[in-house]
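Sequence positions, counted from 1, serve as the residue numbers for this chain. Because the structure is predicted, anything quoted here is derived from the model rather than measured.
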Amino acid sequence: MPQRKALVLKVSQILLLEKPFPERLQAFLEALLEGPFPLRSGKILLRKGERLVPVSQLGGEAGGEEVELSLEGRGRALGRLSLRLAPGTSLAPEDRLALEEAAGILVLALLRERAERAERVLRRAGELATQAAGEEELLRKVCALLVEEGYALAWVGEARPTGEVVPREAAGAVGYLEGIRVRWDEAPEGQGPTGRAIRSGRPQILRNVGDDPRYAPWRERAKAFGFASSAAFPLRVEERVWGSLNVYAPEEDAFDEEEAKLLEDLARLTGHALDRLRSLKHLRFLADHDPLTGLPNRRRLGEDFYLLRGRWALFRLDLLDLREVNEAYDREVGDALIVRISQRLQESLPREGRLYRLEGGEFLALLPGGVKEAEAFGKTLDEILEIPLDLGEGRAWRVRVRAGVALFPDNGKTLPELLRQADLALREAKRVRKRLAFYRPELKEAMRERREILAGLEKALAEGKLRLYGQPIVDLATGRPAGVEVLLRWVRGEVVPGGRFILVAEEAGLVPELDLYVLRTLAQVVTPLPLHVNLSPQTLMDERLLPVLAPLKGRSLRLELTEYALASPRVEERLKELSRMGFSLVLDDFGQGYASLRLLVGLPFSMAKVDRGFVGGIGLDPKAEAALKAILVLSRELGIALVAEGVEREDQRAYLRSVGYSLGQGYLWGRPAPLEEVLYP
């Protein structure tokens, strides 16, 4: 008997595992057959409509006596547990009691699984209803949800005044809908479940597509797609039947009373959501939610904040490239990017985490816990944002996000205080070019210093007191300069490192002014060496760029651009204009971005600078060395010159020379110095 009790405990544990339910059922049977009973085989059959359908079985059919255990719960038959004994054996009374107890546990698991599935479907549908930015998104995701739950096809049809039913959104075997003709009037095409559901305002169940003569117009098509049963549920919007939610299954009798009730509730919820999107109730919703993403807004954050208990982390997140996306494509694509990012962010939050959208590409997130939990979410950000987002029509974008974190109540107990601190941390993350930064008290002083730097930088720019520095690009064979990269430095008693003032300039939107300052100053510089000048994404598309470059025509000027500067669909035309003016184009940091190769092939570049990460791997990473060789072969095929960046050691120079590189740049030949000293040593 202790063995039998242990078995009952074991099957209970199996049915509670966090595994797909079919796997748990199979493991349940395995436990029974391996237990202290003379069992040869087992089978679990569940009720589908009027039939019992095997969902799990184990062992052969041959055997002795068959033991049938009914699976009943809450006043209805759920199915049957069918067990076959080994030949010549019988079941002791205490064994039967143990098996009946196991069957009872299975009933509880079945009821729990059905309840959890219904709760999951309706909860997810409820989330879709509150987050969807429009009808199409809502309907598309409801259909996708049903297909994820195992249906072959789900589609929403809108009832038009002409009597036609027009598919609005669908998921699954959508080919079935191509050219399909469905109506909701009394025509033959209006006698299927969809037409009847719209006319009557009641659910319509078709248990077998081969039995109902009214389904004749679609029968052969349905069989070809493997549909055996279907159901339609009316969608009510503004107190009228607007259309129907239509679902198809590959087995007969797929829609029992409980399943039909769940789908009817889903259709009702979907109708309410459509109603909300069209009514004044939506305006009240918008009072504390963002209309684009459906996320709570700052007003809702204020309400939620006062309910906080324990330790929380407030994240302030900013999408760095949203303006470039809007300029590159259009606002609609930018909005789609925001929605996709919000979805990724929301899916990555811990269970109690909350996400809010402020405006543009700014989000706030509240996460339970302290530094450890916040750092874990920061790693998750790296993972979810590593994969580029597909923007459609062959367009993809890898999103750069920066986040600042302030801790409650460690860093402050009021929302305004924490928001200010999270903003300081966000500025720090942008300054040091890291995904995540935490608030520290010294950041306030750093902010004061940055304001001083910005004020001084604006003054130096206005007075023309910024200086041009240079770093040579060297012929690896001779060590002689083959070109010079022009850099901007600010000298005020001492040289202010570019890392200090460039990031401040980026925050203030001053980078185009600095780039144009460099170009205007170069008009006064005479040298036979080619000069390399970096252009930011903003400068490349600035309307002032071409007039400022005009005096430099005929000079050996090479314009360096990173991948992020090349996202706009107007870039190609701008690059062609620059080429026609006689300027060479250089792709900077080649190999760092996911689209660098496509850009190198598709745009008029004559040179590329290989990212310093590859050079840093020389002698340490065989893969980096292999990449350097592969890039060299590719460049020769494309007729593009290469510069290896970040050369700091003699062994790196020797290796690059040995494999065929001819140009290099790095500290091996000196740090940046005043331009006149580099040009006229």
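In this structure, CD on Glu347 lies 11.0 Å from CG on Leu355, to the nearest 0.5 angstrom. The distance from the CG atom of Leu317 to the OG atom of Ser342 is 12.0 Å, given to the nearest 0.5 Å. Expressed to the nearest 0.5 Å, how far NE2 of His289 lies from CZ of Arg299 amounts to 10.5 Å. Remark: Leu488 CG to Tyr469 OH distance equals 10.5 Å, nearest 0.5 Å. Note that CG of Asp611 and CZ of Phe590 are 10.5 Å apart. Values are rounded to the nearest 0.5 Å. Between the CG atom in Leu561 and the CG atom in Leu603 there is a gap of 9.5 Å [rounded to 0.5 Å].
Remark: the backbone N or O of Leu292 is not paired with any side-chain donor or acceptor of Asp335 at under 3.5 angstrom. Under a 3.5 Å cut-off, the side chain of Asp275 and the backbone N or O of Glu238 do form a donor-acceptor pair. In this structure, the side chain of Glu463 does not engage the main chain of Ala460 through any donor-acceptor pair within 3.5 Å. Within the 3.5 Å criterion, the main-chain N or O of Gln538 finds no donor-acceptor partner in the side chain of Asp542. Looking only at distances, a side-chain donor or acceptor of Tyr517 sits under 3.5 Å from a matching main-chain atom of Leu466. A side-chain donor-acceptor contact under 3.5 Å links Gln652 to the backbone of Arg649.
Under 3.5 Å, the side chains of Asp589 and Thr562 contain no donor-acceptor pair of N or O atoms. Side-chain contact, Asn534 with Glu485: a donor N or O sits under 3.5 Å from an acceptor N or O.
Of all non-hydrogen atoms in Trp490 and Leu457, the two that sit nearest each other are CH2-N, 3.3 Å. Heavy atoms only, all atoms of each residue included: Arg316 and Leu426 are closest at O-CD1, 3.7 Å. Here the closest non-hydrogen pair linking Ile338 and Arg357 is CD1-NH2, 3.5 Å. Residues Gly670 and Gln471 come closest through the heavy atom pair O-NE2, 3.4 Å. The two residues Trp242 and Leu139 have their closest heavy-atom pair at CH2-CD1, 3.9 Å. Here the shortest heavy-atom pairing between Phe438 and Leu443 reads O-CD1, 3.7 Å.
Inter-residue side-chain proximity for Leu540 and Leu575 is flagged as met; some heavy-atom pair is nearer than 4.5 Å. The side-chain heavy atoms of Leu675 and Leu487, taken from C-beta on, include no pair separated by under 4.5 Å. Residues Phe377 and Leu349 are in side-chain contact: their nearest non-hydrogen atoms beyond the backbone lie under 4.5 Å apart. At least one side-chain heavy atom of Leu308 sits under 4.5 Å from a side-chain heavy atom of Leu366. Between Ile618 and Val615 the shortest side-chain heavy-atom distance falls below 4.5 Å. You'll find the side chain of Glu375 stays beyond 4.5 Å of the side chain of Lys379, heavy atoms only. Using a 4.5 Å heavy-atom cutoff, the side chains of Leu535 and Leu519 are in contact. Using a 4.5 Å cut-off on side-chain heavy atoms (C-beta onward), Leu314 and Phe408 make no contact.
More than 12 heavy atoms of other shown residues, nucleotides or ligands fall within 6.0 angstrom of atom CZ in Arg24. Shown here is Arg168, whose CZ atom has more than 12 heavy atoms of other residues, nucleotides or ligands within 6.0 Å. Around atom CD of Glu303, more than 12 heavy atoms belonging to other residues, nucleotides or ligands sit under 6.0 Å away.
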Applying side chain to side chain contact (heavy atoms under 4.5 Å, CB included) to Leu364 and Leu419, what does each step give before you reach the verdict? CA-CA 9 Å; Leu364 293 170; Leu419 286 172; 3.8 Å; yes
Please determine whether side chain to side chain contact (heavy atoms under 4.5 Å, CB included) holds for the pair Glu373 and Arg311, giving the CA-CA distance in whole Å, both sets of side-chain angles, and the decisive distance to 0.1 Å. CA-CA 10 Å; Glu373 290 77 9; Arg311 301 187 69 206; 5.9 Å; no
Evaluation steps, side chain to side chain contact (heavy atoms under 4.5 Å, CB included), between Glu648 and Leu668: CA-CA 4 Å; Glu648 298 182 358; Leu668 180 63; 5.5 Å; no
Audit row: Glu417, Lys413, salt bridge (Lys or Arg N to Asp or Glu O under 4.0 Å) steps and yes/no: CA-CA 7 Å; Glu417 184 179 13; Lys413 298 181 179 180; over 6 Å; no
Test log, rule side chain to side chain contact (heavy atoms under 4.5 Å, CB included), inputs Val142 and Leu269: CA-CA 10 Å; Val142 167; Leu269 190 154; over 6 Å; no
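The only member of Leu358, Leu295, Asp318 that meets side chain to side chain contact (heavy atoms under 4.5 Å, CB included) when paired with Phe363 is Leu295.
A cation-pi arrangement is present between Arg671 and Tyr667, with the terminal nitrogen or guanidinium carbon under 6.0 Å from the aromatic centre and inside a 45° cone about the axis.
Using a 4.0 Å cut-off between charged side-chain N and carboxylate O, Arg268 and Asp265 make a salt bridge. Ion pairing between Arg544 and Glu513 holds under the 4.0 Å rule for side-chain N and carboxylate O.
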